[in-house]
Amino acid sequence: MVGRLLSIGECMVELMQAEGDLLRKGYAGDTFNTAYYARLFLPKNWSVDYLTAVGTDTVSDEMLAFIEKTGVGTGHIRRVEGRSPGLYMIHLKDGERSFSYWRSVSAAKTLADDADHLRAAIEASDIIVFSGITLAILAPSAVETLLSELRRAKAAGKRVVFDPNIRPRLWNDKATMLDTISAGARASSLVMPSFDDEAAHFGDADIAATIARYRALGVENIVVKDGAYGVTLSFGGKAPEFVPSAKVEKIVDTTSAGDSFNGAFLAHHAIDGDPVAAAGFAAATAASVIQHHGALVPKEKLERGV
Ligand code: ADP
């Protein structure tokens with residue numbers, strides 16, 4: 001099967017401490033990371049595209065060049081005069097990471113401002129990926145524009161994939177956060193939440209409660225991730241199945257564990273059709289990713305293992 005995957009969201013400039021006051025520049029963001037891993041594992045006759053908005057400045061040019069270099073397509077990325085990409089800085093102190101963000105005026109906040117552009121990109125795709133972070137950065141009217149296009153895609157039989165990726169600091173209030181995440185799920189055919197987030201914010205008592213809540217919203221397929229334990233799959237109304245995580249002796253950097261799981265799962269499932277086999281492959285991929293530094297681990301390193 002040949003197909004087209006589109007991931008929608010915000011890719012940011014990442015500044016990481018290199019040596020003393022020297023900073024190293026990179027680019028990352030949950031939905032872009034997922035696109036990166038999907039691109040690594042999908043065959044060449046599949047296209048993987050990213051949809052966001054960037055500015056017309058030099059750092060926007062550099063970000064697009066970086067995305068292109070990973071093999072992810074930039075043809076659906078809008079340019080917005082006078083804006084720049086969002087930026088975050090990783091601080092390392094005694095092995096612990098903390099983050100500062102500059103994203104309040106980021107260009108990506110306008111990614112859903114042009115409904116025709118959005119519709120054309122979605123109509124040209126078979127699998128569409130977005131997240132709770134995608135929704136969190138948008139104004140309420142832009143959330144509605146995006147979700148109405150995604151509902152249309154779901155109704156047309158496309159695979160609409162949502163990772164709730166709940167980040168309370170990106171939302172003004174809890175009720176809006178939970179309502180909007182639920183609306184995102186309703187527009188989707190596959191939801192891939194992390195259980196610890198769902199328990200903390202929706203108050204789910206166990207994984208079965210998370211599955212039941214998303215089923216009640218009309219989501220047909222659910223993959224609940226639970227860190228070192230494993231994932232529970234509920235596909236097409238069949239009895240839930242559990243796939244354990246791979247054993248990791250020494251975790252180096254958990255950045256992108258969930259995103260790499262999502263990208264590897266979607267690639268494998270698109271080709272092979274079996275969600276259990278896809279979850280096994282994705283667990284092995286995520287286990288390898290967390291044994292390396294950074295969000296975007298090169299394929300050679302993943303294949304070499306630790
Ligand atoms: P997120 O990064 O979104 O919070 P999780 O922590 O649930 O997501 O992790 C996503 C996936 O990464 C898990 O389903 C698992 O495959 C893998 N993973 C995460 N932590 C570990 C770990 N300690 N050991 C092995 N695999 C892990």
Side-chain angles (χ1 to χ4, degrees), residues 7 9-10 14 28-38 40-41 88 90 95-99 129-136 161-170 177 181 184-185 188 190-202 204 206-211 214 221-235 240-269 275-297 301-302 305-306:
S7 188
E10 177 174 31
E14 175 192 272
D30 65 336
T31 45
F32 175 69
N33 303 343
T34 297
Y36 169 87
Y37 286 101
L40 281 194
F41 299 118
Y88 70 103
I90 304 175
E96 286 290 316
R97 294 151 61 95
S98 63
F99 300 86
V129 180
F130 71 116
S131 79
I133 296 177
T134 311
L135 299 178
V161 183
F162 179 55
D163 184 338
N165 241 336
I166 306 174
R167 298 285 181 274
R169 58 191 271 175
L170 293 181
M177 174 175 87
I181 296 283
S188 307
L190 168 59
V191 174
M192 306 183 77
S194 286
F195 178 66
D196 53 356
D197 290 347
E198 304 294 312
H201 304 295
F202 281 101
D204 296 342
D206 51 25
I207 289 170
T210 303
I211 291 174
Y214 284 118
N221 306 310
I222 301 150
V223 178
V224 185
K225 293 167 281 184
D226 193 8
Y229 174 59
V231 296
T232 305
L233 309 164
S234 170
F235 265 66
E241 291 182 83
F242 176 71
V243 177
S245 294
K247 283 258 169 304
V248 176
E249 296 298 337
K250 188 171 173 290
I251 297 173
V252 174
D253 178 0
T254 57
T255 307
S256 203
D259 306 334
S260 62
F261 183 96
N262 293 351
F265 179 91
L266 294 174
H268 200 284
H269 188 240
V276 172
F281 175 70
T285 302
S288 186
V289 166
I290 63 178
Q291 293 175 75
H292 294 92
H293 282 289
L296 309 172
V297 179
K301 284 196 181 171
L302 294 181
V306 197

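Each ligand, and each atom within it, is numbered from 1 in the order the structure gives. Keep in mind that what you see is a predicted model, and the values were worked out from it rather than measured. The basis for the numbers below is simple: all heavy atoms, side chains too, and nothing from hydrogens, waters or symmetry mates.
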Legend entry - Residues forming a salt bridge (charged side-chain N to carboxylate O under 4.0 Å, His left out) with D253, sequence neighbours excluded: R97
What are the atom names and distances for all N or O pairs under 3.5 Å between ligand 1 and the protein?
residue	atom	partner	partner atom	Å
ligand 1	2 (O)	G258	N	3.1
ligand 1	3 (O)	S194	OG	3.0
ligand 1	7 (O)	G227	N	2.9
ligand 1	8 (O)	S194	OG	3.2

Inset, instruction - Return yes if some donor-acceptor pair links the side-chain N/O of S260 with the main-chain N/O of A257 below 3.5 Å, else return no. - result: yes
Inset, instruction - Assign the ring pair H269 / F265 to parallel, tilted or perpendicular, where the plane angle (0 to 90°) is split at 30° and 60°. - result: parallel
Legend entry - T34 side-chain N/O to T31 backbone N/O, donor-acceptor pair under 3.5 Å: no
Inset, instruction - On the 0 to 90° scale, with breaks at 30° and 60°, tag the Y88-F99 ring pair as parallel, tilted or perpendicular. - result: tilted
Inset, instruction - Check whether any side-chain heavy atom of F41 sits under 4.5 Å from a side-chain heavy atom of T285, and report yes or no. - result: yes
